[in-house]
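Along the sequence shown, residues are numbered consecutively beginning with 1.
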Amino acid sequence: MRRYSEAVQADVRKRMSPPHRQGVAQISQELGIHQATLYNWRKLWRLQREVVPASEKDPESWSAADKFTVVLESAGFNATELSSYCRERGLFAEQVDRWRQTAQDANANAVLTMAEQRDLEKRHQQDQKEIKALKQDLRRKEKALAEAAALLIAAKKIQAFWGEDGDD
């Protein structure tokens, strides 16, 4: 397995990070590094809480984890530091403020208690059992309908073969 220097990895990180946001395929082709290696590096950097978006998309299309990482990184910044941070990553301060507000609002939603969660799970299990029973019933009725249709077709063929009388 080939080892790459820290300088090469830093260059790749810079290319993947905003505002450059080059795709893995493009970087792989330009530098001759296997795509799986690049994906592994990006995964490692994300685990280290660095902003490395999955694609070249507009920052509004980033994953929630990437947006939250930006909010965490910029939490203690004053206006000047935030502006500098945003310029480096191709963001707007308003976007970061909106993402921060969204993260704060996420905790405002009511959280289910353990009893409510158990009740919800119980109802889910009951619903799953009912769905299974209904599917079995539907399969049984479809088989009966197919059998009735086959008998009807067979009766019509016999009647056509023996004629209209069918007394013999």
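- The cluster map of Ile, Leu, Val, Met, Phe, Trp and Tyr, joined by side-chain heavy atoms under 4.5 Å apart, puts Val8 and Tyr39 in the same cluster.
- Nearest heavy-atom pair, Val96 versus Leu91, reported as atom, atom and distance to 0.1 Å: CG2-CD1, 4.3 Å.
- Screening residues 90-101 for salt bridge (charged side-chain N to carboxylate O under 4.0 Å, His left out) gives Glu60-Arg98, Asp97-Arg100 as the qualifying pairs, with residues at least two apart or on separate chains.
- In the hydrophobic clustering of this structure, Leu31 groups with Trp41; members are Ile, Leu, Val, Met, Phe, Trp, Tyr whose side-chain heavy atoms approach within less than 4.5 Å, directly or through other members.
- Pairing each heavy atom of Gln9 with each of Tyr4, the nearest pair is NE2-O, 3.6 Å.
- Every side chain to side chain contact (heavy atoms under 4.5 Å, CB included) that Glu30 has, sequence neighbours left out, goes to Arg15, Gln22, Gln26.
- Scanning for side chain to side chain contact (heavy atoms under 4.5 Å, CB included) contacts around Ser84 gives Arg87, Glu88, with sequence neighbours left out.
- Between Asn40 atom CG and Gln35 atom CD the span is 12.0 Å, to the nearest 0.5 Å.
- Every residue two or more places apart in sequence or in another chain that forms a side chain to side chain contact (heavy atoms under 4.5 Å, CB included) with Thr80 is listed here: Asn78.
- Scanning for side chain to side chain contact (heavy atoms under 4.5 Å, CB included) contacts around Phe77 gives Ser74, Glu81, Leu82, Tyr85, with sequence neighbours left out.
- With rounding to the nearest 0.5 angstrom, the CG atom of Leu38 is 6.0 Å from the CD1 atom of Ile27.
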Would you be so kind as to tabulate the donor-acceptor pairs closer than 3.5 Å made by side chains of residues 128-138, with sequence neighbours excluded?
unit_1, atom_1, unit_2, atom_2, d
Asp137, OD1, Arg140, NE, 3.4
Asp137, OD1, Arg140, NH2, 2.5
Asp137, OD2, Lys141, NZ, 3.4

Atom pairs and distances, side-chain donor-acceptor, residues 113-125, under 3.5 Å, sequence neighbours left out:
unit_1, atom_1, unit_2, atom_2, d
Thr113, OG1, Glu116, N, 3.2
Thr113, OG1, Glu116, OE1, 3.4
Glu116, OE1, Thr113, N, 2.9
Asp119, OD2, Arg123, NE, 3.4
Asp119, OD2, Arg123, NH2, 3.2

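- Contact check for Thr102 versus Val71: no side-chain heavy atoms found under the 4.5 Å cut-off.
- With sequence neighbours excluded, no residue forms a side-chain hydrogen bond (donor to acceptor under 3.5 Å, both in side chains) with Ser28.
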